[in-house]
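Below is one structure, written out as structure tokens; comments come after it.
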Amino acid sequence: MIVRIYWGRIVPGSLPSIEEVYRHYDAASTPGMRARFVSQDLNDPDSIYVVTIWDDLASVDRWVASDDYKMRITRALKPFIVGGQSLSLSEVRVEDLASLLPVAARDSHA
């Protein structure tokens, strides 16, 4: 399993627009993507983290190379991203999602 962590500085006040872009992109329809989290830094509201969890590195590579990613994510977010950005890829060595599953089930019914 692979975790992809993106950090970026955003235009102040643009988080609702960024959230809308991600809400319209169905992670479940992306082959190999297990989950996605879009989050705002509590200490720096002009910073976001997008964490995606993948089956394997090949799935990440196919997604990043796809026209769908380039148009629906990269191009759609470009007006809202300013300044620094970083990207990390890591291989999961130990996983324990037991406490996450009840939260996900509860939130999906909200």
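Since this is a predicted model, take the numbers as computed values, not measurements.
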Are the side chain of Gln40 and the backbone of Pro45 linked by a donor-acceptor contact shorter than 3.5 Å?
yes
With the 4.5 Å side-chain cut-off for hydrophobic clustering, are Val21 and Val11 part of the same group?
no
Hydrophobic cluster membership, with links at side-chain heavy-atom distances under 4.5 Å among I/L/V/M/F/W/Y: are Tyr69 and Tyr6 in one?
yes
For a 4.5 angstrom cut-off between non-hydrogen side-chain atoms, does Met1 reach Glu91?
no
Donor-acceptor contact present, side-chain Arg72 to main-chain His24, <3.5 Å
yes
Evaluate the criterion side-chain contact (heavy atoms from CB on, under 4.5 Å) for residue pair Thr30 and Trp54; output intermediate values, then yes/no.
CA-CA 10 Å; Thr30 304; Trp54 298 85; 3.8 Å; yes
Tell me whether Ile81 shares a hydrophobic cluster with Val51, the cluster being built from Ile, Leu, Val, Met, Phe, Trp, Tyr side chains joined at under 4.5 Å.
no
Closest approach of Val60 and Ile2, non-hydrogen atoms and distance?
CG2-CG2, 4.2 Å
Does the Ser47 side chain pair with the main chain of Arg9, one donor and one acceptor, at a distance under 3.5 Å?
no
Going from OH on Tyr25 to CG on Asp68, what distance comes out if it is rounded to the nearest 0.5 angstrom?
4.0 Å
Distance check, rounded to the nearest 0.5 Å: Arg4 atom CZ versus Leu87 atom CG?
4.5 Å
Treating Arg36 as the side-chain partner and Tyr22 as the backbone partner, does any N or O pair qualify as donor plus acceptor under 3.5 Å?
yes
Are Ile53 and Val64 in one and the same hydrophobic cluster, where Ile, Leu, Val, Met, Phe, Trp and Tyr link if side-chain heavy atoms are under 4.5 Å apart?
no
Would you say Leu89 and Leu57 make side-chain contact, with heavy atoms under 4.5 Å?
yes
Nearest heavy-atom approach of Tyr49 to Ile5 is CD2-CG2, 4.3 Å
Give the minimum heavy-atom separation between Ala76 and Pro79, together with the two atoms involved.
O-CD, 3.5 Å
Working to the nearest 0.5 angstrom, can you tell me the gap between Phe80 CZ and Leu15 CG?
10.5 Å
Rounded distance [0.5 Å steps], CG in Asp61 versus OG in Ser66
11.5 Å
Path from Met71 to Trp63 over hydrophobic side-chain contacts below 4.5 Å
no
How close do Gly32 and Ser59 get, counting heavy atoms only, and between which atoms?
CA-OG, 3.6 Å
Taking the side chain as C-beta and beyond, is there a heavy-atom pair between Ile48 and Val50 under 4.5 Å?
yes
Let me confirm one number: the NZ-CZ distance from Lys70 to Arg75, rounded to the nearest 0.5 Å.
13.0 Å
Would you check if the side chain of Ser14 reaches a backbone N or O of Ser17 as a donor-acceptor pair within less than 3.5 Å?
no
Drop me the distance from Ile18's CD1 to Ile10's CD1, to the nearest 0.5 angstrom.
4.0 Å
